[in-house]
Amino acid sequence: MQPANLCSYLQIYNINTQKRRLVLSEKSHFEAPNWSRCGQYLIINQDGLLYEVRLNEPKLKLINTEFATRCNNDHGISPDGSELVISHHACDSDNGSVIYRLPIQGGTPQRVTALGPSYWHGWSPDGRYLTYVAGRSTHSDFKIYRLDMHTGIEEQLTFGEGLDDGPDYSACGKYIYFNGYRNNRMQIWRMDEDGQNTRHFIHSAFSDWFPPFP
């Protein structure tokens with residue numbers, strides 16, 4: 001049960017003016033806003049469903065995901081703006097979250113990852129690869145994988161001990177940035193798109209998560 005005083009706010013921040021704009025407030029929990037490619041609306045997650053929120057008409061508009069009603073906050077939009085990718089946990093699945101794709105306007109989700117648990121995080125700029133966090137040997141051993149959308153082949157990109165999470169592509173598509181647990185702290189790392197040449201990218205006294213790119 002949600003607390004009686006719970007309220008969620010959707011805000012946008014103008015980097016140039018350093019001013020905030022309140023787009024939507026709801027007396028319920030929602031999360032994970034993602035910009036549309038046109039910049040005129042955002043997509044958010046609420047109670048396992050996805051909603052479109054237009055800036056010029058700020059209200060929740062349900063996106064039809066058919067059977068996928070247990071979506072988590074790992075969703076996004078394809079580089080060409082034509083498709084959505086979602087991470088949905090089916091009630092009858094013992095494998096946890098599985099990744100699906102569907103038309104941007106909604107429709108029947110098509111399964112992408114054969115195995116779970118899989119949590120989507122990045123789409124290569126050329127549209128060919130999905131990068132995601134997955135547990136394959138054990139559910140606690142989460143590493144970064146990519147899937148070739150042309151061949152359906154899954155490839156593991158990170159190895160070793162410690163959680164790896166939040167992979168996303170650079171705008172040029174040559175690199176993948178991610179947060180990895182090394183030396184008792186979560187930090188930002190970078191590797192080539194094929195998983196080679198991993199290096200510590202941001203040295204911080206804090207724990208850093210989810211390096212997103214436009």
Side-chain angles (χ1 to χ4, degrees), residues 2 6-90 97-113 118-133 147 149 165-173 176-179 209-214:
Q2 295 181 344
L6 176 64
C7 191
S8 297
Y9 300 94
L10 178 61
Q11 298 181 334
I12 55 178
Y13 179 79
N14 188 310
I15 296 175
N16 294 325
T17 65
Q18 299 183 8
K19 292 183 178 180
R20 297 176 182 270
R21 172 186 167 188
L22 177 63
V23 177
L24 179 72
S25 63
E26 290 277 324
K27 291 184 177 181
S28 58
H29 177 77
F30 62 74
E31 60 186 351
N34 274 283
W35 281 104
S36 63
R37 297 302 177 193
C38 64
Q40 297 183 18
Y41 66 91
L42 298 106
I43 293 176
I44 65 172
N45 176 291
Q46 184 181 62
D47 296 329
L49 301 175
L50 297 185
Y51 293 86
E52 176 185 304
V53 180
R54 292 202 163 264
L55 300 185
N56 62 354
E57 191 179 3
K59 61 181 181 180
L60 297 177
K61 178 183 177 183
L62 181 65
I63 297 173
N64 176 25
T65 55
E66 295 192 0
F67 62 83
T69 58
R70 298 185 68 191
C71 301
N72 52 58
N73 61 3
D74 300 312
H75 62 265
I77 300 173
S78 64
D80 65 4
S82 67
E83 291 185 283
L84 272 172
V85 62
I86 60 175
S87 304
H88 162 67
H89 190 159
S97 175
V98 175
I99 298 173
Y100 296 80
R101 63 194 295 191
L102 65 153
I104 188 69
Q105 69 272 16
T108 303
Q110 302 296 317
R111 186 163 179 164
V112 174
T113 51
S118 304
Y119 299 89
W120 175 85
H121 279 279
W123 207 320
S124 65
D126 63 4
R128 179 166 181 173
Y129 294 99
L130 295 182
T131 58
Y132 48 94
V133 180
L147 183 135
M149 301 285 274
D165 199 3
D168 200 4
Y169 284 86
S170 61
C172 65
I176 296 173
Y177 293 82
F178 65 98
N179 50 275
W209 294 77
F210 298 151
F213 283 82

Asker: Apply side chain to side chain donor-acceptor pair (under 3.5 Å) to Ser25 and list each qualifying residue two or more places apart in sequence or on a separate chain.
Answerer: none
Asker: Only counting residues at least two apart or in another chain, list the ones meeting side chain to side chain donor-acceptor pair (under 3.5 Å) with Glu26.
Answerer: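 None.
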Asker: So, for Pro167 and Thr131, which heavy atoms are closest and what is the spacing to 0.1 Å?
Answerer: O-OG1, 3.7 Å
Asker: Rounded to the nearest 0.5 Å, what separates atom CG in Leu84 from atom CG in Leu102?
Answerer: 5.0 Å
Asker: Under the side-chain contact (heavy atoms from CB on, under 4.5 Å) test, which residues partner Asn64, sequence neighbours left out?
Answerer: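 So Asn64 forms a side-chain contact (heavy atoms from CB on, under 4.5 Å) with Glu66.
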Asker: Taking C-beta and beyond as the side chain, do Val98 and Ser118 meet within less than 4.5 Å on heavy atoms?
Answerer: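 They are not in contact (no side-chain heavy atoms under 4.5 Å apart), so the answer is no.
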Asker: Please check: side-chain N/O of Asn45 versus main-chain N/O of Cys71, any donor-acceptor pairing under 3.5 Å?
Answerer: yes
Asker: Provide the closest heavy-atom pair for Gly106 versus Ile63 in the form atom of the first, atom of the second, distance.
Answerer: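 That closest heavy-atom pairing would be CA-CG2, 4.0 Å.
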Asker: Minimum heavy-atom separation for Tyr119 and Tyr132, please, with both atom names.
Answerer: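 Closest approach of Tyr119 to Tyr132, heavy atoms only: O-CB, 3.1 Å.
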Asker: In the structure I gave you, are the side-chain heavy atoms of Asp74 and Ile99 within less than 4.5 Å of one another anywhere?
Answerer: no
Asker: Between Ser8 and Phe30 (side chain of the first, backbone of the second, donor and acceptor by atom type, cut-off under 3.5 Å), is there such a pair?
Answerer: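 Checking the backbone N and O of Phe30 against the side chain of Ser8, a donor-acceptor pair under 3.5 Å is found.
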Asker: With sequence neighbours excluded, what pairs up with Thr65 under the side chain to side chain donor-acceptor pair (under 3.5 Å) test?
Answerer: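 Here no residue qualifies.
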Asker: Should Thr69 and Leu49 be marked as a side chain to side chain contact (heavy atoms under 4.5 Å, CB included) after you check the CA-CA gap, both sets of side-chain angles, and the distance that decides it?
Answerer: CA-CA 6 Å; Thr69 58; Leu49 301 175; 3.9 Å; yes
Asker: Give me the atom names and distance for the closest heavy-atom approach of Leu50 to Leu62.
Answerer: O-CD1, 3.6 Å
Asker: So do Thr113 and Leu130 actually touch side chain to side chain, heavy atoms under 4.5 Å?
Answerer: no
Asker: In sequence, state the C-alpha distance, the side-chain angles, and the governing distance for Trp35 and Ile12, and then conclude on side chain to side chain contact (heavy atoms under 4.5 Å, CB included).
Answerer: CA-CA 10 Å; Trp35 281 104; Ile12 55 178; 3.5 Å; yes
Asker: Any donor-acceptor pair under 3.5 Å linking the side chain of Ser36 with the backbone of Tyr41?
Answerer: yes
Asker: Which residues satisfy the side-chain contact (heavy atoms from CB on, under 4.5 Å) test with Asp126, sequence neighbours excluded?
Answerer: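 side-chain contact (heavy atoms from CB on, under 4.5 Å) check on Asp126 returns Ser124, Arg128.
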Asker: Please answer whether the main-chain N or O of Ser78 pairs with a side-chain N or O of Arg37 as donor and acceptor at a distance below 3.5 Å.
Answerer: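 Yes; at least one donor-acceptor contact below 3.5 Å.
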Asker: Look at the side chain of His121 and the backbone N and O of Asp168, then say whether any donor-acceptor pair between them is shorter than 3.5 Å.
Answerer: no
Asker: Please report the closest heavy-atom contact between Pro125 and Ala171, naming both atoms and the distance.
Answerer: CG-O, 3.5 Å
Asker: Show your working on side chain to side chain contact (heavy atoms under 4.5 Å, CB included) between Leu60 and Val53 and close with a plain yes or no.
Answerer: CA-CA 5 Å; Leu60 297 177; Val53 180; 3.8 Å; yes
Asker: Drop me the distance from Ile43's CD1 to Tyr51's OH, to the nearest 0.5 angstrom.
Answerer: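 Going from the CD1 atom of Ile43 to the OH atom of Tyr51 covers 13.0 Å.
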Asker: Is Tyr9 atom OH crowded by more than 12 heavy atoms from other residues, nucleotides or ligands, each under 6.0 Å away?
Answerer: no
Asker: Side chains of His75 and Asn34: is there a donor and an acceptor less than 3.5 Å apart?
Answerer: yes
Asker: Please tabulate, one pair per line, all N/O donor-acceptor pairs under 3.5 Å involving side-chain atoms of residues 17-24, not counting sequence neighbours.
Answerer:
residue	atom	partner	partner atom	Å
Thr17	OG1	Asn14	OD1	3.4
Thr17	OG1	Lys19	N	3.4
Arg20	NH1	Gln11	OE1	3.4
Arg21	NH2	Leu55	O	3.1

Asker: How long is the straight-line distance from OH of Tyr129 back to CE of Met149, given to the nearest 0.5 Å?
Answerer: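 Interatomic distance, Met149 CE to Tyr129 OH, rounded to 0.5 Å: 12.0 Å.
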Asker: Considering all heavy atoms of both residues, which atom of Gln46 and which atom of His29 are nearest to each other, and what is their separation?
Answerer: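 Nearest heavy atoms, Gln46 then His29: CG-O, 3.2 Å.
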Asker: When you look at Trp123 and Glu83, which way does the side chain to side chain contact (heavy atoms under 4.5 Å, CB included) test go after all the steps?
Answerer: CA-CA 11 Å; Trp123 207 320; Glu83 291 185 283; 4.1 Å; yes
